[in-house]
Amino acid sequence: AVGATSALVTNSGSVSTDVTGSAAIAVNVVANGDAGVVNSGNINAYSTDVDDVTAVNVYTDTGNVTFDNQATGGITATAQDGNAIALNASAAASIATFSNEGTITASSVNGIAIGALVSAYGDVGVTNSGNLSATSTSYQAVGLLASSATGIATVDSSGSINATGGQDQAIALEVFGQTGASVTRTGSTTGTHSGTVQALNVTVSYPEGTVSGLIQTNVCAEGGDSGGPLYDGNLAIGLTSGGSGNCTTVGTTFFQPVTE
């Protein structure tokens, strides 16, 4: 479906694409304005050759992306020697919202497998109460990747998100967003405290050495809190690495991101 202004696809039946000659997409929704998909049926894309497969692609230049996979919805991408993506949802200039109550699965023997890739220039919001999984026999597998270029990416999952990889990394859940997200930390010394993300990919020099790729927050911590979790709702974000200050006045604390 291609829309000059907006495009919405509702599927309650079955859509299947067998890729034999070139990469194909079972459901492709592209719009200059808002683009959306509501699925309560089955969408499948598969290849027994070297081709990449995508079950559902949703893209907009200027509008919002919405995707709702309902409880009866099933989305599957299966590849032999190519990459497999079950869902690719992207909003180039605005926000993306993804809700899954059903089952989304991507698998590849000799390629990369991604269950759901949700990205936007602005905020990204993901709610999952269903099942998301990705499996690659030989390469990387990612269950869910949520990414925001300038906004906040949030994931609320009461369902399952799983990844099984081969010789490369397996990542069940990975979230990238800008600063400003609300977070909470729990430690054995000071208990539970909340604050916001101030910076990403920070390098910190400790007496024991230098650590890169850390999350900087204004959540306080004290000695003995190291190793405690940083989280947002049901989403685990990182582990307490170190910091300065205390919980009586103010503090800056750094966290090692959790991606597996």
Side-chain angles (χ1 to χ4, degrees), residues 96 98 100 114-120 122-129 132-134 140-165 168-260:
F98 166 52
N100 176 52
I114 301 176
L117 172 59
V118 186
S119 62
D123 293 346
V124 171
V126 175
T127 303
N128 175 58
S129 59
L132 266 168
S133 65
Q140 188 180 52
V142 180
L144 169 65
L145 173 59
S147 175
S148 169
T150 63
I152 299 171
T154 59
V155 176
D156 183 2
S157 179
S158 59
S160 64
I161 304 175
N162 299 298
T164 303
D168 283 331
Q169 195 174 27
I171 302 173
L173 171 64
E174 194 158 12
V175 182
F176 298 100
Q178 292 299 99
T179 60
S182 297
V183 290
T184 301
R185 173 201 63 77
T186 298
S188 58
T189 299
T190 61
T192 300
H193 292 269
S194 298
T196 59
V197 175
Q198 296 178 311
L200 302 171
N201 198 29
V202 176
T203 299
V204 179
S205 295
Y206 296 117
E208 299 83 1
T210 300
V211 181
S212 300
L214 300 180
I215 302 167
Q216 178 181 325
T217 76
N218 60 7
V219 184
C220 70
E222 297 181 7
D225 287 327
S226 292
L230 179 73
Y231 52 92
D232 177 11
N234 294 320
L235 173 64
I237 299 173
L239 299 176
T240 306
S241 173
S244 60
N246 57 64
C247 290
T248 302
T249 56
V250 68
T252 297
T253 306
F254 303 95
F255 298 85
Q256 183 69 49
V258 173
T259 58
E260 299 189 32

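Quick caveat: nothing in here was measured; it's all calculated off a predicted structure. Atoms considered below: every heavy atom in the structure, side chains included; atoms not considered: hydrogens, waters and symmetry mates.
Contact of the Phe255 side chain with the Arg185 side chain is registered, since non-hydrogen atoms from C-beta on lie closer than 4.5 Å. Counting heavy atoms from C-beta on, the side chains of Val219 and Val183 come closer than 4.5 Å. The side-chain heavy atoms of Ile237 and Ile215, taken from C-beta on, include a pair separated by under 4.5 Å. Taking the side chain as every heavy atom from C-beta outward, Thr196 and Thr217 never approach each other to under 4.5 Å. Looking at heavy atoms from C-beta onward, Leu144 lies in side-chain contact with Val126 at the 4.5 angstrom threshold.
Remark: the Asn128 side chain and the Ser157 side chain contain an N/O donor-acceptor pair separated by less than 3.5 Å. Side chain to side chain, Thr184 and Ser194 meet the donor-acceptor criterion of an N or O pair below 3.5 Å. Side-chain atoms of Thr190 and Asp225 form a donor-acceptor pair, as typed in the model, at a separation below 3.5 Å. In this model, no donor atom of one side chain and acceptor atom of the other lie less than 3.5 Å apart for Ser119 and Ser147. With 3.5 Å as the limit, one finds a donor-acceptor pair spanning the side chains of Thr192 and Thr186.
Rounding to the nearest 0.5 Å places CG of Asp123 at 5.5 Å from OG of Ser148. Phe98 CZ to Leu132 CG: the interatomic distance, rounded to the nearest 0.5 Å, is 5.0 Å. Taken to the nearest 0.5 Å, the CG atom of Leu230 stands 11.5 Å off from the OG atom of Ser241. Atom CD1 of Ile114 and atom CG of Leu145 lie 6.5 Å apart (nearest 0.5 Å). Distance CG/Asn100 to CD1/Ile161: 9.0 Å, rounded to 0.5 Å.
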